[in-house]
Visitor: 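Below: one structure in structure tokens.
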Amino acid sequence: MRAMDVMTTEVITVDPDVSVQAVAKLLSERGISGVPVVDAADRLVGIVSEGDLLHRVETGTERLPGRSRSWWLDTIASDRELARDYVKSHGRTVKDVMTRDVISVAETTDLAEIAMLLETKRIKRVPVLRDGKLVGIISRANRVRALAVTESGPAVDVTADDHTIRAKLLDELMGQEWFKTQEWFKIWAADVIVRDRVVHFWLAANQTEDERRALRVAAENIAGVRRVEEHIIPSL
């Protein structure tokens with residue numbers, strides 16, 4: 001799937017000159033946590049979220065040296081950071097408080113890449129651009145809905161024989177970094193047996209639940225596998 005397949009196209013946006021109070025009301029009434037900021041030509045110029053409105057002078061939550069920070073943070077905080085905090089808490093329009101360095105994607109960006117961006121950058125949404133103009137937005141909710149419409153059943157391939165299944169499973173495992181670590185070499189090819197399309201793992205008793213679960217998931221995703229069985233070998 002790509003961005004264009006799951007993005008929301010009817011995007012709520014705001015103008016840079018909208019007041020902070022107006023955007024706060026918009027977020028509250030629509031039940032959303034952030035909105036893109038676009039200019040008159042629909043070009044993305046920023047994004048404003050709940051996080052940008054957390055520390056405000058109107059509610060007495062502005063960041064003040066010696067009160068909202070630890071003393072040692074105040075000693076290392078640059079003048080630039082203090083000035084930025086002041087603007088965030090006292091600015092009257094969206095252009096004052098919005099985040100300007102916005103992470104965005106193209107319509108053709110793969111959904112897996114977008115998922116990685118949301119996770120590694122710790123953001124909740126990402127705008128989708130075409131020639132610099134906003135055409136959609138993808139949030140965590142879009143990703144969940146994309147999953148909801150995928151096939152949930154196991155992969156099926158009735159023509160797969162035991163040898164093919166075993167070969168594909170071993171290839172899958174050996175291609176994974178989590179399997180190729182030193183600990184994972186406890187599991188050798190001889191410990192994986194496939195019979196009548198049932199995968200049998202011979203596992204050491206001291207292997208963790210996470211390790212066993214990872215092996216089971218890998219096997220269940222091989223087309224033709226009917227089920228997975230574990231056989232525990234007592235630890236030496």
Side-chain angles (χ1 to χ4, degrees), residues 1-14 16 23 26-27 30-39 41-54 84 94-95 97-157 167-181 183-184 208 210-225:
M1 287 187 177
R2 294 176 294 176
M4 65 177 67
D5 299 319
V6 301
M7 68 183 185
T8 298
T9 55
E10 298 296 326
V11 185
I12 300 171
T13 63
V14 294
V23 76
L26 176 66
L27 295 181
R30 296 301 184 97
I32 53 180
S33 59
V35 289
V37 184
V38 298
D39 62 16
D42 284 333
R43 292 191 175 276
L44 183 71
V45 295
I47 195 164
V48 61
S49 68
E50 293 172 331
D52 295 312
L53 307 177
L54 282 179
R84 181 195 59 198
V94 166
K95 63 186 176 186
V97 302
M98 69 182 185
T99 298
R100 296 176 181 271
D101 297 326
V102 183
I103 298 170
S104 62
V105 298
E107 294 174 285
T108 55
T109 303
D110 188 80
L111 193 57
E113 182 179 341
I114 295 172
M116 184 66 69
L117 270 176
L118 294 176
E119 182 177 2
T120 57
K121 300 298 183 180
R122 297 185 178 181
I123 53 179
K124 296 181 179 179
R125 70 201 64 76
V126 59
V128 183
L129 305 184
R130 181 196 303 150
D131 297 326
K133 294 186 177 182
L134 183 71
V135 294
I137 195 165
I138 293 179
S139 66
R140 294 176 181 178
N142 293 103
R143 288 173 52 202
V144 173
R145 289 165 188 160
L147 174 62
V149 299
T150 60
E151 294 293 333
S152 59
V156 176
D157 183 357
K168 288 182 177 179
L169 176 56
L170 291 176
D171 284 345
E172 170 68 17
L173 292 175
M174 291 307 299
Q176 301 300 317
E177 292 300 323
W178 51 263
F179 183 81
K180 292 190 291 184
T181 61
E183 290 296 318
W184 279 98
T208 68
D210 286 336
E211 291 174 335
R212 296 176 186 176
R213 188 180 296 113
L215 289 171
R216 176 179 56 76
V217 168
E220 288 176 344
N221 280 311
I222 300 298
V225 171

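Because only heavy atoms are used, hydrogens play no part in the values below, and waters and symmetry mates are left out as well, while side chains stay in. Quick caveat: nothing in here was measured; it's all calculated off a predicted structure.
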Visitor: To the nearest 0.5 Å, how far apart are CD1 in Ile32 and CD in Glu50?
Guide: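 Atom-to-atom, Ile32:CD1 and Glu50:CD are 9.0 Å apart.
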
Visitor: Can you name the nearest heavy-atom pair linking Ala3 to Ile114, along with the distance?
Guide: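 Result for this residue pair: CB-CD1, 3.7 Å.
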
Visitor: Might you confirm whether atom CZ of Arg122 has over 12 heavy atoms from other residues, nucleotides or ligands at distances under 6.0 Å?
Guide: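 Check fails, neighbour count at 12 or below.
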
Visitor: Output the distance between atom CD (Glu220) and atom CG (Leu169), rounded to the nearest 0.5 Å.
Guide: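 Glu220 CD to Leu169 CG: 11.0 Å, rounded to 0.5 Å.
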
Visitor: Carefully, step by step, assess Val135 and Glu107 under the rule side chain to side chain contact (heavy atoms under 4.5 Å, CB included).
Guide: CA-CA 8 Å; Val135 294; Glu107 294 174 285; 3.9 Å; yes

Visitor: Would you call Asp171 and Lys168 a salt bridge, using N to O less than 4.0 angstrom?
Guide: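 Lys168 and Asp171: not salt-bridged.
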
Visitor: Using side-chain heavy atoms (C-beta onward) and a distance below 4.5 Å, is Arg212 in contact with Arg216?
Guide: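 Side chain of Arg212 against side chain of Arg216, heavy atoms only: no contact under 4.5 Å found.
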
Visitor: Show, in sequence, the C-alpha distance, side-chain angles and deciding distance for Leu173 and Leu215, and conclude whether the side chain to side chain contact (heavy atoms under 4.5 Å, CB included) test is met.
Guide: CA-CA 8 Å; Leu173 292 175; Leu215 289 171; 3.8 Å; yes

Visitor: Looking at Ser33 and Lys124, what are the two nearest heavy atoms and their distance?
Guide: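 Minimum heavy-atom contact is OG-CD, 3.9 Å.
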
Visitor: Does any part of the side chain of Val105, heavy atoms only, come nearer than 4.5 Å to the side chain of Glu113, both counted from C-beta?
Guide: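 SC-SC contact between Glu113 and Val105 ruled out.
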
Visitor: Are Val23 and Val97 close enough that some pair of their side-chain heavy atoms sits under 4.5 Å apart?
Guide: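 A side-chain contact is absent here, since even the closest heavy-atom pair is not under 4.5 Å.
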
Visitor: Let me confirm one number: the CG-CE distance from Leu111 to Met7, rounded to the nearest 0.5 Å.
Guide: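 One finds 12.5 Å between CG of Leu111 and CE of Met7.
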
Visitor: Among Asp42, Thr9, Val38, Val128, whose side chain to side chain contact (heavy atoms under 4.5 Å, CB included) with Leu134 holds?
Guide: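 Of the listed options, the one satisfying the test is Val38.
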
Visitor: Measuring from Leu117:CG to Thr109:OG1, what's the distance to the nearest 0.5 Å?
Guide: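 Output value for this atom pair is 8.0 Å.
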
Visitor: Could you pull out the closest heavy-atom pair between Pro36 and Leu44, with the gap in Å?
Guide: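 Here Pro36 and Leu44 meet closest at CB-CD1, 3.7 Å.
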
Visitor: Looking at every heavy atom in both Arg125 and Ser49, which two are closest together, and how far apart are they?
Guide: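 Looking at all heavy atoms of both residues, the shortest contact is NH1-CB, 4.1 Å.
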
Visitor: Do the non-hydrogen side-chain atoms of Met98 and Val45 ever get within less than 4.5 Å of each other?
Guide: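 SC-SC contact between Met98 and Val45 confirmed.
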
Visitor: Does Asp5 CG have over 12 foreign heavy atoms under 6.0 Å away?
Guide: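 For Asp5, atom CG is crowded (more than 12 foreign heavy atoms under 6.0 Å).
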
Visitor: Which atom pair, heavy atoms only, marks the closest approach of Lys95 to Arg100?
Guide: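 Where Lys95 meets Arg100 most closely, the heavy atoms are O-NH2, 2.6 Å.
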
Visitor: Nearest 0.5 Å please: distance from the CD1 atom of Ile103 over to the OG1 atom of Thr120.
Guide: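 Nearest 0.5 Å value for the CD1-OG1 distance: 7.5 Å.
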
Visitor: Taking the side chain from Glu211 and the backbone from Thr208, do they hold a donor-acceptor pair closer than 3.5 Å?
Guide: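 Present.
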
Visitor: Give the minimum heavy-atom separation between Ala218 and Glu172, together with the two atoms involved.
Guide: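 The answer is CB-CG, 4.5 Å.
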
